[in-house]
Structure formats: structure tokens, C-alpha cells
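Take a look at the structure below.
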Amino acid sequence: MELRLYDTKSREIQTVHETNHKVRMYCCGPTVYRDAHVGNMRTFLLSDLIRRTLTVLGYQVSIVQNITDVGHMSEDFEAEDKLLAQSKTEHIDPLAVARKYEEHFHTDLALLNILPADKYPKASECIPLMQDLIAKLIAKGNAYVGSDGSVYFDASSFPGYGMISGNRLDALKPGHRFEYTDEGGKKFHADWALWKAAGHRTEMIWDSPWGPGFPGWHIECSAMSIQFLDGHVDIHVGGIDLRFPHHENERAQSNAVTGNETVDLWVHGEHLLFQGRKMSKSAGNVVLIRDVVEHGYDPLALRLVFLENRYRSQMDLNWETIAAADETLKRWRKLVNQVMHAIPSENVKITQAICEDLDTPRAIQIIRSLEKDHDLEIETKVGHLLFADQILGLDLSRKEQVRELTPELETILKSRKKARDEKNWAESDRLRQLLEDQGLIIRDSSDRQDWQWR
RNA sequence: GGUGGAGUGGCCGAGAGGCGAGGCACAGGACUGCAAAUCCUGCUACACGGGUUCAAAUCCCGUCUCCACCUCCA
């Protein structure tokens with residue numbers, strides 16, 4: 001079976017192809033100046049879903065995800081780098097800020113069972129690569145040194161500009177940043193910086209043929225994808241907000257240099273909303289993976305919530321749905337663990353759903369109906385669940401955590417058993433309340449009592 | 001102004017022109033000493049106005065509302 005995905009540029013669902021027996025994926029990674037919130041994670045999950053699906057379908061997959069640790073400007077009028085700003089706040093070296101949040105990023109990925117990429121190139125370690133690309137763009141006539149010493153891409157030199165976002169150069173409103181002193185060297189408001197002259201900046205700058213400075217934000221993705229994926233990207237993944245200008249600019253840079261369509265498919269994940277607004281620092285509605293864990297939920301419950309919604313739709317997250325998913329996850333794991341030595345067996349309906357533009361909501365629906373099907377053997381159900389889990393990544397075969405009972409709880413349980421045997425219901429109910437207050441859930445049947453941790 | 005989307009029951013959300021996804025919540029029932037869990041049953045919807053069609057949530061036209069992007073963003 002083939003995987004088909006919605007391509008933003010053609011606005012059509014298209015089949016994924018491999019290049020030299022490998023599907024090459026590039027995923028826009030984090031700017032490591034703060035913790036990634038769950039909205040960011042939703043996009044990273046999209047990459048994971050694609051890679052897991054391709055792997056199950058038998059493809060070799062190569063994934064590169066960049067770590068932006070330089071060049072990403074904040075909206076501050078001083079045009080301050082996000083990392084430098086954070087380094088002042090935390091009173092530590094900017095690269096220490098980067099390494100700290102990079103580590104958090106990997107921890108969060110692991111909590112969501114997102115498999116690691118093959119390579120995580122850092123912008124700060126790819127400066128020569130970017131300079132090389134900039135030099136090529138100047139030589140080809142797509143870039144110029146501005147009056148301020150910065151190097152700019154000449155947007156009008158690239159004929160297909162705007163194909164991803166639908167924006168036309170002549171319709172683009174000059175942005176408010178046009179007035180910025182540090183970008184005053186542009187010839188045209190839609191041009192963008194490839195290399196920014198250092199100006200007054202003393203930290204995080206590098207020497208270059210155009211003088212000391214630092215790279216623009218868009219250039220790293222072009223440089224890295226071309227270098228580490230051998231000049232061609234089969235699937236490019238990122239958040240919908242990156243469609244413009246980031247991906248539009250990236251495409252112009254990459255295509256100008258390679259001379260052909262560098263990226264086959266542009267796949268964009270829609271935004272996660274919280275309380276009806278886009279989750280963002282400025283809206284003040286940021287939820288971190290850590291918050292989910294602190295609420296007592298399995299982070300994979302969040303993964304299930306995401307999977308219950310199509311990646312191409314905005315979704316409004318709330319705690320109730322996470323709670324519901326957490327329960328569902330427990331139920332499925334219980335089911336899976338009832339069968340020893342179960343092996344995955346393909347469920348074609350599930351594969352088909354996933355292959356048609358990652359229809360995970362339908363896949364989940366199929367699982368729910370399998371679960372309820374009284375005519376199916378439990379071994380069959382579990383086999384299909386394990387198969388689906390290779391793609392969904394919910395860790396369904398995880399054994400339930402068995403925390404030891406404290407001697408005190410054990411004593412109460414014994415007393416309660418005795419009370420029930422004697423049909424002393426008042427005492428039995430009192431003890432149950434006691435046990436529940438200490439985190440146990442009690443399930444009675446006529447001849448026994450079962451317990452588990454809440 | 002330009003661009004990309006979305007409006008579905010109390011809530012969240014799938015939806016492929018034709019026998020009403022699913023989940024949560026709620027209500028009844030089975031089971032339980034009572035609970036819990038589980039199972040069964042019930043509940044109901046397509047923003048508005050036109051149009052096409054034997055048949056529209058789905059296709060077409062218009063209107064309204066919301067979200068997102070327009071050089072920070074996943």
C-alpha cells in the first residue's frame with residue numbers, strides 16, 4: 001500500500017515517493033530558547049506518524065530535524081535574537097540556553113513516544129554550510145549585498161514565489177518590520193536576510209565573506225536539507241504558520257540553488273488551540289508536557305487525543321478529553337495484557353485509513369469497534385491492536401505499573417475482607433473509603449475484592 | 001486589502017451524495033450487600049438563504065460568524 005498525503009503547494013492529496021530507496025524527510029524543529037508546548041509537539045507527532053507509517057509499509061526512512069539555536073529573531077524592535085534575550089533573562093551563556101532546552105525537547109519527544117530523527121543538526125554548527133549556500137545564491141544572481149552590509153535574497157528573482165502560501169508578491173503588504181533599521185538595506189520589502197551584518201552585536205556572530213554577522217532564519221533549513229538529505233526532500237513537515245514566510249522563502253532558496261523542485265510534498269500540521277485561541281506564549285495559554293504529567297495523566301493520553309483529531313484540522317484541547325483518553329488507554333492496555341505472547345497482525349482497514357492522508361480518527365474508530373465486537377476472539381483483537389500500535393505509538397503492550405502496597409494498606413484490605421465475609425457492610429464501606437482516600441480503587445465481586453492504584 | 005481554513009447534538013469531534021461515526025457527560029437497565037468497573041438501552045445535529053438532484057451535512061451560488069497567516073510562531 002502507498003501513503004498519500006495532502007500537499008500544501010498543489011493543494012491535492014499526493015502519493016509519497018522514495019528517492020534512491022529511501023523516503024527523505026525534513027522536519028522543521030524547535031528554536032531552543034524555551035520549552036516546547038504541546039502545540040509544538042502536535043506537529044512533531046505528525047512527523048512521527050508519517051515515519052512510523054512508512055516504516056510499517058516497508059520503506060526506509062531518513063529524517064533530519066534542525067535545532068535552531070541562532071538567527072531566530074524575536075519581534076523586539078532591537079531585533080534581538082530569541083536565544084540572546086533568554087540568555088539575559090536566565091543569566092547564562094546563550095549556547096547553554098540552547099543546550100538546556102534542546103535536552104528538554106528530547107525528553108518531551110520521548111514522553112510522547114516520538115522516535116528520534118536520524119540527525120539533529122544545529123544551526124550554530126552549520127554556519128559554513130549556510131555561508132556556502134549564500135555565496136552560491138549571490139553567484140547565481142538570486143541574492144545581493146544590501147546597503148547595510150547584510151545579504152538579502154531577491155524575492156523577485158525567483159519566478160514561482162508564492163506557490164505554497166498562495167500569496168502573490170504584488171499583493172504582499174509591506175510588513176511593519178520593513179522600517180527596521182537592521183533590514184533597511186533591502187531593495188524590496190519582500191526580500192529577506194540571508195546573512196545579517198553584526199552591527200552592534202558581539203555575541204553569537206561569525207566571520208564571513210560579507211563581514212561578521214549571523215545567518216538569517218530561513219537559510220538553515222535550505223542548507224541542512226540539501227546537505228543531509230542529498231539535495232532532495234520527499235516530505236517536508238512543519239506547522240501551518242511556517243507556510244509563510246518560512247517555507248515560501250526556504251523553497252525559493254533551495255530551488256534557486258539546486259535548479260529544480262527540491263521538495264516533493266509540503267505537509268503542514270494545523271494549530272492546536274486551547275480555550276479557543278492558538279496556543280502561544282503571548283496568548284498565555286501554553287500547556288507543557290510537564291503540565292499533563294503533573295495533572296496525573298499519561299503523556300501518551302495526549303498522544304491519543306491528538307490522534308483522535310485529524311492533523312489538518314485545528315483542534316481545541318481541553319482537560320476533559322485528555323482525561324477520557326487516559327481512561328481509554330488504560331482499558332486498551334488491560335485488554336492487550338490479557339493475551340500472553342500476542343503478535344501484531346495487520347488490519348487492512350486500519351492501514352487503509354492511515355494511508356489515506358493519515359486518517360487517524362477513523363483508525364481509532366475501527367479499534368473501538370474491534371474492541372466491542374463480541375464475535376472476535378480476544379487474540380484477534382489484541383493482534384490488531386498491536387499492529388495499529390506500531391503506527392499509533394501508544395505503547396499498548398505496556399504492563400501496568402505495580403506499586404507495592406504499604407503494610408498499612410494491606411492490613412486495611414485484610415480487615416475489609418473479613419468485614420465483608422461477616423457481612424458487616426457499615427465497616428466494609430468505612431474501610432473502602434479509607435483505602436480510596438489513600439489512592440486505591442476497590443472493585444468488589446461476590447467472593448473477593450480487587451484493588452488497583454488510581 | 002491579500003491569503004489559507006472552519007461552522008455538526010449538553011460538550012469534544014468523524015463524515016465518502018442514499019439505511020443517523022465515535023467519545024465524554026447524562027438517563028434507564030443488567031450485575032453488585034451497596035458502590036466501582038463492565039455490558040445493554042436511550043438521547044439528538046448539521047450557521048443562514050437560495051440552487052442542482054429521485055435523494056445534500058456532503059455538490060454549486062450568496063450571506064453571516066469564527067480561527068489562522070501577511071516578514072516572530074509548530
Side-chain angles (χ1 to χ4, degrees), chain A residues 8 11 27-31 36-47 72-76 79-80 82 155 162 164-178 180 183 186 189-193 216-218 237-246 248-249 268-273 276-283 304-305 308-310 312-318 320-325 327-328 330-331 334 353 356 359-369 372 374 420 423-426 428-429 432-433 436 440-446 449-452:
Chain A
T8 308
R11 317 216 192 294
C27 312
C28 275
T31 302
H37 56 66
V38 295
N40 302 125
M41 302 313 284
R42 188 187 182 201
T43 303
F44 303 144
L45 174 64
L46 170 60
S47 315
H72 203 153
M73 312 308 283
S74 71
E75 76 183 313
D76 189 281
E80 185 156 46
K82 292 190 175 208
I164 296 176
S165 61
N167 286 325
R168 296 189 315 272
L169 270 186
D170 55 12
L172 277 178
K173 229 177 14 181
H176 61 287
R177 310 185 105 222
F178 179 43
Y180 281 11
E183 300 217 323
K186 289 199 249 189
H189 67 78
D191 294 350
W192 64 92
W217 174 41
H218 313 299
V237 184
I240 190 71
D241 51 342
L242 297 185
R243 180 186 46 194
F244 187 87
H246 185 59
E248 203 68 78
N249 294 358
H268 289 106
E270 252 296 353
H271 277 303
L272 180 71
L273 312 182
R277 308 288 305 185
K278 182 175 89 165
M279 184 174 288
S280 67
K281 208 172 169 183
S282 50
L304 178 55
V305 170
E308 284 182 298
N309 295 271
R310 201 80 181 266
R312 218 138 53 75
S313 303
Q314 287 176 358
M315 69 167 287
D316 200 352
L317 185 70
N318 59 67
E320 288 74 32
T321 46
I322 299 177
E327 289 301 318
T328 305
K330 281 183 187 155
R331 204 176 63 234
K334 209 170 158 184
E356 191 56 23
D359 196 346
T360 51
R362 178 168 297 185
I364 302 283
Q365 185 189 333
I366 294 166
I367 291 175
R368 288 187 194 275
S369 55
K372 285 190 175 168
H374 296 300
R420 290 191 74 226
K423 299 196 190 301
N424 185 351
W425 307 129
S428 141
D429 288 350
R432 177 168 61 202
Q433 190 57 50
E436 285 178 350
L440 289 194
I441 296 172
I442 305 299
R443 279 177 200 150
D444 291 337
S445 42
S446 55
Q449 60 179 1
D450 290 314
W451 62 270
Q452 71 175 63

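Numbered from 1 within each chain, the chains take letters A, B, ... in sequence-line order.
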Practice prompt. Sugar-phosphate atoms are those with a prime plus P, OP1 and OP2; base atoms are the rest. Using that split, label each nucleotide of nucleotides 14-27 of chain B B, S or - for protein heavy atoms under 4.0 Å, 5' to 3'.
Written response: SSB----BSSS---
I'd like a list of close polar pairs between nucleotides 30-32 of chain B and the protein, N/O only, cut-off under 3.5 Å.
none

Item to complete: Quickly work out the A:Leu317 CG to B:A74 P distance and round it to whole Å.
Response: 18 Å
Worksheet item: Reckon A:Gly269 touches a base, only the sugar-phosphate, or nothing at all at heavy-atom distances under 4.0 Å?
Response: nothing
Item to complete: For the side chain of A:Phe244, starting at C-beta, report the closest nucleotide among B:A74, B:G33, B:C69.
Response: B:C69
Response to the item:
Quick note, A:Thr31 side chain, CB onward, closest among B:A74, B:A36, B:G33 is B:A74
Discussion item. Between A:Glu270 and A:Ser313, is the side-chain contact (heavy atoms from CB on, under 4.5 Å) condition met? List the steps.
Written reply: CA-CA 6 Å; A:Glu270 252 296 353; A:Ser313 303; 5.6 Å; no
Item to complete: Would you mind classifying the nucleic acid contact of A:Met41 as base, sugar-phosphate or nothing, using non-hydrogen atoms under 4.0 angstrom?
Response: nothing
Worksheet entry | Partners passing salt bridge (Lys or Arg N to Asp or Glu O under 4.0 Å) against A:Glu356 (at least two apart in sequence or in another chain) | A:Arg4
Discussion item. Taking the minimum atom-to-atom distance to the side chain of A:Arg243, which one of B:A74, B:G33, B:G4 wins?
Written reply: B:G4
Worksheet item: Below 3.5 Å, does any donor atom in the side chain of A:His271 face an acceptor in the base of B:A68, or the other way round?
Response: no
Fill in: Donor-acceptor pair under 3.5 Å, A:Arg432 side chain vs B:A35 base
yes
Discussion item. For a 4.5 angstrom cut-off between non-hydrogen side-chain atoms, does A:Asp316 reach A:Thr321?
Written reply: no
Practice prompt. Mind checking salt bridge (Lys or Arg N to Asp or Glu O under 4.0 Å) for A:Arg310 and listing every partner two or more places apart, or none if nothing turns up?
Written response: A:Asp357
Fill in: For A:Glu308, all residues meeting salt bridge (Lys or Arg N to Asp or Glu O under 4.0 Å), sequence neighbours excluded
A:Arg368
Practice prompt. Give one of base, sugar-phosphate or nothing for A:His37, where a contact means two heavy atoms less than 4.0 Å apart.
Written response: base
Worksheet item: Taking both distances under 3.5 Å as the test for a Watson-Crick or G-U pair, what stems of at least three pairs does RNA chain B have?
Response: B:1-7 with B:64-70, B:10-12 with B:22-24, B:26-30 with B:38-42, B:47-51 with B:59-63
Item to complete: Describe the nucleic acid contact of A:Ile442 in one word from base, sugar-phosphate, nothing, applying a heavy-atom distance below 4.0 Å.
Response: base
Practice prompt. Answer with yes or no whether A:Asn167 presents, from its side chain, a donor or acceptor under 3.5 Å of a partner atom in the base of B:G4.
Written response: no
Worksheet, complete the sentence: Of the candidates B:A37, B:G2, B:G13, the side chain of A:Arg443 sits closest to B:A37
Worksheet item: So does A:His218 get a side-chain nitrogen or oxygen closer than 4.0 Å to the phosphate oxygens (OP1/OP2) of B:U71?
Response: no
